[in-house]
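See below for the structure under consideration.
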Amino acid sequence: MLQHVEGGAPGHGIDPYELETVTAELLAPGGPPTGTIRLGPYELEYTAPRAFAHTLRLLFGSRIYDVAPLSAPQRIIDGGGWLGLSVLRFRELYPDAHIVVFEPDPEIFRIMCRNLERNGISNVEPVRAALAGTDGQQTFTVTGSDSGSLRADARGSSLTVDTRRLGPHVTEPLSLLKLNVEGAEAEVIAELGEKLALVDQVLIEYHGFAELPQTLHEILGALHAAGHTYIVSHFNESNRACVPPLHLDDAYRYFLLIYARRLGGRPA
């Protein structure tokens, strides 16, 4: 399902003190499970307040999606848009970029679209589908939070969602690909195949979950083969599973952030 969001885009940042104050209120015990807040220039509808607050801190505080200036023509594909916060940050950074954003959860998709519309975010194509290795329909676990997934174990209800391959959307050079697809990242990259070389910059949230195959090596191998140089980060100190002292057990669960870019001088 493809929709177009029209309007103008705010170009203001968010004051760090205001960000800390608003997110602390969202994290306080006994707060409402859904609602609307005002943050800087934005009016934002939310669900899952803890996940919402942590995402605000990561994107607008730690700035985990802030990358280099975009190659022209400025095109971004955002796989896993959730409530639209990543699109808001990309629009702040790259006011002229065309953004295609995928989100499969029907209710989350509606909130995302409302957040984009009420904040006048333009030149965005929201797609109500999950990125996957095949086109069609698959069972998706809806959690009401940011953990809805095709692949990972999650507490929630199941429904059938549309799935889309990434390859047909990458037919020309792409400035930035961001994937936060809850365990489906390896199959999405594998399906893209040689077209990965058309992508200048890549951001992938890797989900290292015990119930999923280990695929970090596959993703990094694909990036290397496509000519990318990569960095793997543990986000920040709140990602405790990746902060020493390290350990693994049969219920391991960790997250990594992969950033990659095609650099002209990289040896083959």
Practice task
Apply side-chain contact (heavy atoms from CB on, under 4.5 Å) to Tyr65 and Asn180, showing your working.
Solution key: CA-CA 11 Å; Tyr65 289 165; Asn180 184 9; 4.2 Å; yes
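- Interatomic distance, CD1 of Ile204 versus OH of Tyr259, reported as 12.5 Å (0.5 Å rounding).
- Nearest approach of Leu198 to Thr171, heavy atoms of both residues: CD1-C, 4.3 Å.
- Between the side chains of Tyr42 and Glu92, at least one donor-acceptor pair of N or O atoms lies under 3.5 Å.
- Among all heavy-atom pairs drawn from Pro41 and Ile14, the shortest one is CD-CG1, 4.4 Å.
- Residues Arg114 and Ile111 meet the side-chain proximity criterion, which asks for heavy atoms closer than 4.5 Å.
- Under the side chain to side chain contact (heavy atoms under 4.5 Å, CB included) rule, Leu223 has a single partner from Thr229, Ile189, Val199, Leu196, which is Leu196.
- For Arg165, the salt bridge (Lys or Arg N to Asp or Glu O under 4.0 Å) partners two or more places apart in sequence, or in a different chain, are Asp135, Glu191.
- Residues Leu174 and Asp200 are not in side-chain contact: their nearest non-hydrogen atoms beyond the backbone lie 4.5 Å or more apart.
- The line from NE2 of His217 to NE2 of His224 is 15.0 Å long, rounded to the nearest 0.5 Å.
- Screening Leu176, Val101, Leu203, Val127 for a side chain to side chain contact (heavy atoms under 4.5 Å, CB included) with Asp78, the sole residue that qualifies is Val101.
- With a 6.0 Å radius and a threshold of 12 heavy atoms from other residues, nucleotides or ligands, Glu172 has its CD atom above the threshold.
- Arg89 places no side-chain N or O within donor-acceptor distance of the main-chain N or O of Ile64, the cut-off being under 3.5 Å.
- If you check the side chains of His228 and Gln201, you find no donor sitting under 3.5 Å from an acceptor.
- For the pair Tyr46/Ile37, a side-chain contact is recorded, criterion being any heavy-atom separation below 4.5 Å from C-beta on.
- The shortest side-chain heavy-atom distance between Phe109 and Pro126 falls under the 4.5 Å cut-off.
- The nearest pair of heavy atoms linking Ile76 to Ala97 is CD1-CB, 4.0 Å.
- Atom CZ of Arg63 has 12 or fewer heavy atoms from other residues, nucleotides or ligands within 6.0 Å.
- Residues Lys195 and Gly167 come closest through the heavy atom pair NZ-O, 2.8 Å.
- Arg118 contributes atom CZ, which lies 11.5 Å from atom SG of Cys113 (distance to the nearest 0.5 angstrom).
- Under the 3.5 Å distance criterion, with hydrogens and angles disregarded, a donor-acceptor pair is assigned to the side chains of Asp162 and Gln137.
- Taking OG of Ser62 as the reference point, atom NE2 of His54 lies at 11.5 Å (rounded to 0.5 Å).
- No donor-acceptor pair under 3.5 Å is formed between the side chain of Glu218 and the backbone N or O of Leu216.
- Side-chain contact annotation: Arg75 with Ser175, donor-acceptor N/O pair under 3.5 Å absent.
- Between the side chain of Ser149 and the main chain of Glu182, a donor-acceptor pair closer than 3.5 Å is present.
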Hey, can you pull the donor-acceptor pairs under 3.5 Å for the side chains in residues 247-258, sequence neighbours left out?
from	atom 1	to	atom 2	distance (Å)
Asp249	OD1	Ala251	N	2.9
Asp249	OD1	Tyr252	N	3.3
Arg253	NH1	Glu211	OE2	3.4

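- Although no hydrogens or angles enter the test, the distance criterion places a donor-acceptor pair under 3.5 Å between the side chain of Tyr206 and the main chain of Thr215.
- The backbone N or O of Phe102 sits nowhere less than 3.5 Å from a side-chain atom of Arg164 that would complete a donor-acceptor pair.
- Residues Phe52 and Thr23 have side chains not in contact (no heavy-atom distance under 4.5 Å, counting atoms from C-beta outward).
- Counting heavy atoms from C-beta outward, Leu159 and Thr141 have side chains that stay 4.5 Å or more apart.
- The pair Glu205-Lys178 does not meet the salt-bridge criterion, since no charged nitrogen lies less than 4.0 angstrom from a carboxylate oxygen.
- Under the 6.0 Å cut-off for aromatic ring centres, His207 and Phe209 qualify, their centroids lying closer than that.
- There is a path of hydrophobic side-chain contacts, each under 4.5 Å, that joins Leu58 to Val22.
- If you chain together hydrophobic residues whose side chains sit under 4.5 Å apart, Met112 and Val161 never meet in one group.
- Looking only at side-chain heavy atoms (C-beta outward), Asp146 and Thr55 come within less than 4.5 Å of each other.
- Note that CG of Leu59 is 8.0 Å distant from CG of Asp66, once rounded to the nearest 0.5 Å.
- Neither Val232 nor Val243 shares a network with the other; the hydrophobic side chains, linked directly or stepwise wherever heavy atoms of I, L, V, M, F, W or Y lie under 4.5 Å apart, form separate groups for each.
- Nearest heavy-atom pair, Pro49 versus Pro33, reported as atom, atom and distance to 0.1 Å: CD-O, 3.3 Å.
- Between Ile121 and Val87, some side-chain heavy-atom pair lies under the 4.5 Å cut-off.
- For the atom pair CG of Asn119 and CD of Glu45, the computed distance is 11.0 Å after rounding to the nearest 0.5 Å.
- In this structure, Thr163 contributes its side chain and Thr134 its backbone to a donor-acceptor pair below 3.5 Å.
- Across Tyr94 and Pro69, no two heavy atoms sit closer than the pair CE2-CA, 4.3 Å.
- No side-chain N or O of Asn239 forms a donor-acceptor pair with one of His234 less than 3.5 Å apart.
- With Asn115 contributing its side chain and Leu83 its backbone, the two residues share a donor-acceptor pair below 3.5 Å.
- Leu150 and Trp82 are members of different hydrophobic clusters when ILVMFWY side chains are connected at heavy-atom separations under 4.5 Å.
- Within the 3.5 Å criterion, the main-chain N or O of Ala28 finds no donor-acceptor partner in the side chain of Arg50.
- Residue Glu18 qualifies as enclosed at atom CD: its count of foreign heavy atoms under 6.0 Å is above 12.
- Salt-bridge check for Asp105 with Arg128: failed, with every basic side-chain N at 4.0 Å or more from each acidic carboxylate O.
- Ile108 and Ile99 fall within a single hydrophobic cluster, where Ile, Leu, Val, Met, Phe, Trp and Tyr are joined by side-chain heavy atoms under 4.5 Å apart, directly or via other members.
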